[in-house]
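Convention: sequence-line order gives letters A, B, ...; per-chain numbering from 1.
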Amino acid sequence: MNRFTQFENKTIAETLIEKALEFKANPLKNNTKGQGKRLGLIFLNPSLRTRVSTQLAATNLGVDSFVLNMDKETWALEMQDGVLMNKNKVEHIKDAAAVLGGYFDMLAIRAFPTLTNKEEDTEDFTINQFIKYSGIPVISLESAIRHPLQSLADMVSIRESFQEKRKPKVVLTWAPHIKSIPHAVANSFSEWALGCGHDLTITHPVGYELDEQFTQGATIEYNQKKALEDADFVYVKNWSAFNPYGKILKVDENWLLKESKLANNQQAKIMHCLPVRRNLELSDEILDGNRSLVQTQAKNRIFAAQAVIDAMI
Amino acid sequence: MNRFTQFENKTIAETLIEKALEFKANPLKNNTKGQGKRLGLIFLNPSLRTRVSTQLAATNLGVDSFVLNMDKETWALEMQDGVLMNKNKVEHIKDAAAVLGGYFDMLAIRAFPTLTNKEEDTEDFTINQFIKYSGIPVISLESAIRHPLQSLADMVSIRESFQEKRKPKVVLTWAPHIKSIPHAVANSFSEWALGCGHDLTITHPVGYELDEQFTQGATIEYNQKKALEDADFVYVKNWSAFNPYGKILKVDENWLLKESKLANNQQAKIMHCLPVRRNLELSDEILDGNRSLVQTQAKNRIFAAQAVIDAMI
Amino acid sequence: MNRFTQFENKTIAETLIEKALEFKANPLKNNTKGQGKRLGLIFLNPSLRTRVSTQLAATNLGVDSFVLNMDKETWALEMQDGVLMNKNKVEHIKDAAAVLGGYFDMLAIRAFPTLTNKEEDTEDFTINQFIKYSGIPVISLESAIRHPLQSLADMVSIRESFQEKRKPKVVLTWAPHIKSIPHAVANSFSEWALGCGHDLTITHPVGYELDEQFTQGATIEYNQKKALEDADFVYVKNWSAFNPYGKILKVDENWLLKESKLANNQQAKIMHCLPVRRNLELSDEILDGNRSLVQTQAKNRIFAAQAVIDAMI
């Protein structure tokens with residue numbers, strides 16, 4: 001594997017899920033496999049779980065990892081080709097990515113969307129510039145439109161928690177927020193849940209339709225109550241409107257997921273990628289109760305990253 | 001040991017002091033003991049000595065350490081329980097600490113006081129939230145009210161420099177400053193010096209009385225000159241008023257410690273935790289002369305941290 | 001070797017160039033030589049290549065490296081001796097450098113010039129304060145007036161690319177910029193090219209004369225076209241005026257190096273230390289073409305640093 005930026009196919013996904021579960025059972029089983037390999041972790045945005053879990057995954061495999069906060073520690077990057085660089089951007093992505101490609105064996109990159117330039121975000125411009133110019137294997141640590149390590153960890157968490165033969169019913173429900181939030185987690189979750197063959201329903205207020213390239217095959221249900229019926233897993237997440245791009249429509253506080261909405265559904269497990277806005281997106285009672293898988297998901301981030309790095313070595 | 005946040009008792013303190021001296025003599029003696037262990041270093045505030053000395057201590061033991069500047073690299077934390085998170089805080093300490101608790105074997109945390117919320121600071125709210133929600137062993141890298149790794153290094157430094165049978169006379173003297181400074185170093189030094197059985201005098205201008213929970217058993221002497229008589233060790237440190245909380249009273253420049261004040265006391269060693277404001281807190285002549293133990297204290301920070309981590313593995 | 005801050009003599013330079021080429025052929029040949037050694041990387045300014053290449057070099061040798069962004073993570077440093085520290089500087093270089101000297105086996109330091117205080121910059125005040133007070137071997141990661149690791153990598157790059165018996169003709173050409181840029185790269189390149197016995201021509205607009213201590217022996221040619229004739233290597237770099245110090249004179253866009261200026265010179269290789277302002281300093285066509293050595297130079301930064309650290313262990 002020389003790139004991990006999206007769901008590729010069910011076979012690859014299944015292999016990674018199995019591998020992640022193997023590493024969860026025995027984190028150090030391949031602890032010398034990566035000796036002499038170097039992973040560069042490039043952050044253009046803040047990170048807690050992704051930063052730490054990916055470093056731990058690398059360490060578990062004997063891979064040396066090096067963190068670069070390119071938003072703070074280095075030079076402002078020019079991303080556009082052909083420009084006269086006489087403004088505030090100090091270095092061109094062409095040059096910086098090629099240098100990093102010469103220094104490391106693998107790059108892992110976090111590059112959030114602008115949420116203002118729809119076209120550039122939709123073509124995942126920044127991470128693709130890194131891929132194009134670094135010339136080495138690249139792992140997405142969340143790009144403008146996808147967060148595949150999160151989704152892989154989510155699929156691992158569903159696999160662990162669901163033993164029945166039938167397909168699980170998975171519901172992705174929009175939640176209120178006060179800021180304009182990227183679509184990456186929602187897009188990727190939909191892409192992976194559908195790709196893994198789960199029965200996916202997406203519920204959100206009118207106007208919050210996601211980019212259809214990620215939701216083909218899902219049931220769209222505007223009535224949250226109806227969507228939640230019989231759910232095995234409920235993934236709670238805010239995202240801004242895709243159209244008009246990056247905007248917050250009227251915030252409807254009633255979309256907060258709370259225990260009373262699940263009164264008739266004792267088996268439903270609740271998921272969130274974190275960070276979560278408590279009592280705005282998801283209630284304390286749920287987050288602190290037995291339904292919550294959020295800590296499991298966070299822990300599985302280590303093993304998801306480890307499966308991916310292991311496959312790249 | 002599964003927590004290191006304060007002085008516990010003389011037996012534990014003596015054991016740690018002895019262990020630190022062993023590591024000073026032979027830093028790599030347990031250099032594989034910590035293999036496979038991971039220490040998360042969480043900074044909510046700046047750090048030089050603490051950051052580096054703790055990383056070196058971990059490395060000496062074979063422990064992998066990972067630095068997280070949570071004030072800069074991750075998400076702003078909500079510390080209060082039960083709130084509706086619709087303001088500028090992105091993640092709740094409950095969730096962040098639990099995630100870190102799942103990722104690491106031990107956490108070390110720096111969390112300075114607000115110096116505005118006396119009640120919250122006095123109950124050491126922030127580090128206690130981390131302890132409560134992480135569920136793993138925690139080392140204080142300076143909390144709102146204590147700096148125990150500094151104090152342990154200070155006790156090691158006194159032990160090394162004082163060979164006589166009698167109790168050393170230790171003086172903690174307030175020094176001028178231009179900013180509102182936490183009480184943590186002064187509190188901890190008093191707590192540890194008294195706990196270790198030293199003869200402690202604290203001298204400061206009227207109004208700078210420390211929280212009495214840390215100074216029971218010390219002699220309070222408002223006359224600096226008198227306090228310095230016969231001192232074996234003089235610990236120089238500024239702190240803001242405890243009442244009114246966090247305020248700077250009239251700065252009295254005469255409290256600067258300079259050589260002329262020690263004209264009749266040739267044996268006194270001078271201590272400071274650093275960073276020190278030269279010629280405001282302590283004169284150049286003292287800092288650059290033979291009385292100064294400040295570099296010894298700084299160096300001993302490595303071995304203090306190493307003794308603590310070693311005891312936690 | 002216990003200091004690497006400038007060109008010392010041809011013998012040392014040749015030894016380092018050869019060693020760097022050995023490491024390029026076999027990066028891990030001395031990978032246990034540095035075990036137990038600790039290198040502190042001190043950044044007072046941003047860094048990409050220098051940060052990563054030096055960490056990789058240390059890792060290749062088994063040296064543990066620790067990055068300190070002293071401009072962000074620690075305390076603001078007072079550099080002047082004897083002052084009353086009652087302003088915004090929290091710690092004195094005397095104390096901080098001595099602590100770091102006690103913690104590490106070697107220090108590597110980046111300290112850019114002020115470009116406003118000519119005297120202080122010219123005596124390389126900041127790095128010399130670190131050297132004076134740390135008491136341990138120091139590597140310059142670019143000081144106020146020199147960037148010797150860059151120049152060593154540049155000499156390695158010239159050596160690799162030039163097989164003829166005669167001296168290569170090397171041209172250092174000034175390039176336009178919009179900001180006031182340090183002289184360090186230009187000074188060092190001149191110092192090393194001359195010291196290594198290359199035939200050096202420096203070309204720049206009138207008024208951009210470099211400090212003569214670095215250029216004795218070079219040909220100064222104000223006509224860029226004439227300077228470029230028969231060049232084997234063209235090093236492109238902006239710098240601000242040395243007199244009046246740190247100023248930008250009239251920006252002459254015609255000094256941009258582009259392919260048409262090399263129409264009669266097919267063999268010339270183009271060099272730049274990066275980051276480069278594309279189409280302001282150097283054209284896209286050159287940077288993306290076969291003449292460019294910039295990625296080779298960047299890659300050689302690893303092996304230059306490795307040769308220096310290896311010599312210090």
Can you tell me how far the OH atom of B:Y133 sits from the CG atom of A:D288, to the nearest 0.5 Å? 7.0 Å
Taking every non-hydrogen atom, the tightest pair across A:K299 and B:G102: NZ-O, 2.6 Å
Over 12 non-hydrogen atoms of neighbours within 6.0 angstrom of NZ in B:K37: no
Testing B:V83, B:L84, B:N86 for side chain to side chain contact (heavy atoms under 4.5 Å, CB included) with A:N279, which one passes? B:L84
Distance, nearest 0.5 Å, that separates CD1 of A:I178 from CE of B:M85: 9.5 Å
Once you round to the nearest 0.5 Å, how far does CG of B:N88 lie from NZ of A:K179? 7.5 Å
Output the option from A:L56, A:D284, A:N69 having the highest count of non-hydrogen pairs under 4.5 Å with chain B. A:L56
Give the minimum heavy-atom separation between B:W75 and A:P46, together with the two atoms involved. CZ2-O, 3.8 Å
Determine whether a donor-acceptor pair (N or O, by modelled atom type, separation under 3.5 Å) exists between the side chain of A:R277 and the backbone of B:K87. yes
CZ of A:R278 to NE2 of B:H92: how many Å apart, nearest 0.5 Å? 6.0 Å
I'd like to know whether NZ of A:K29 has more than 12 heavy-atom contacts from other residues, nucleotides or ligands below 6.0 angstrom. yes
Could you tell me if the side chain of B:Y103 sits less than 4.5 Å from the side chain of A:I302, heavy atoms only? yes
Without swapping roles, check the side chain of A:Q295 against the backbone of B:D95 for a donor-acceptor pair under 3.5 Å. yes
Most heavy-atom pairs under 4.5 Å with chain B, out of A:L28, A:V294, A:V276, A:L287, belong to A:V276
Any chance you could lay out the side chain to side chain donor-acceptor pair (under 3.5 Å) test for A:N60 and B:R38, step after step, and finish with the verdict? CA-CA 11 Å; A:N60 284 349; B:R38 280 82 188 267; 2.7 Å; yes
Does A:N290, at its CG atom, have more than 12 non-hydrogen atoms belonging to other residues, nucleotides or ligands within less than 6.0 Å? no
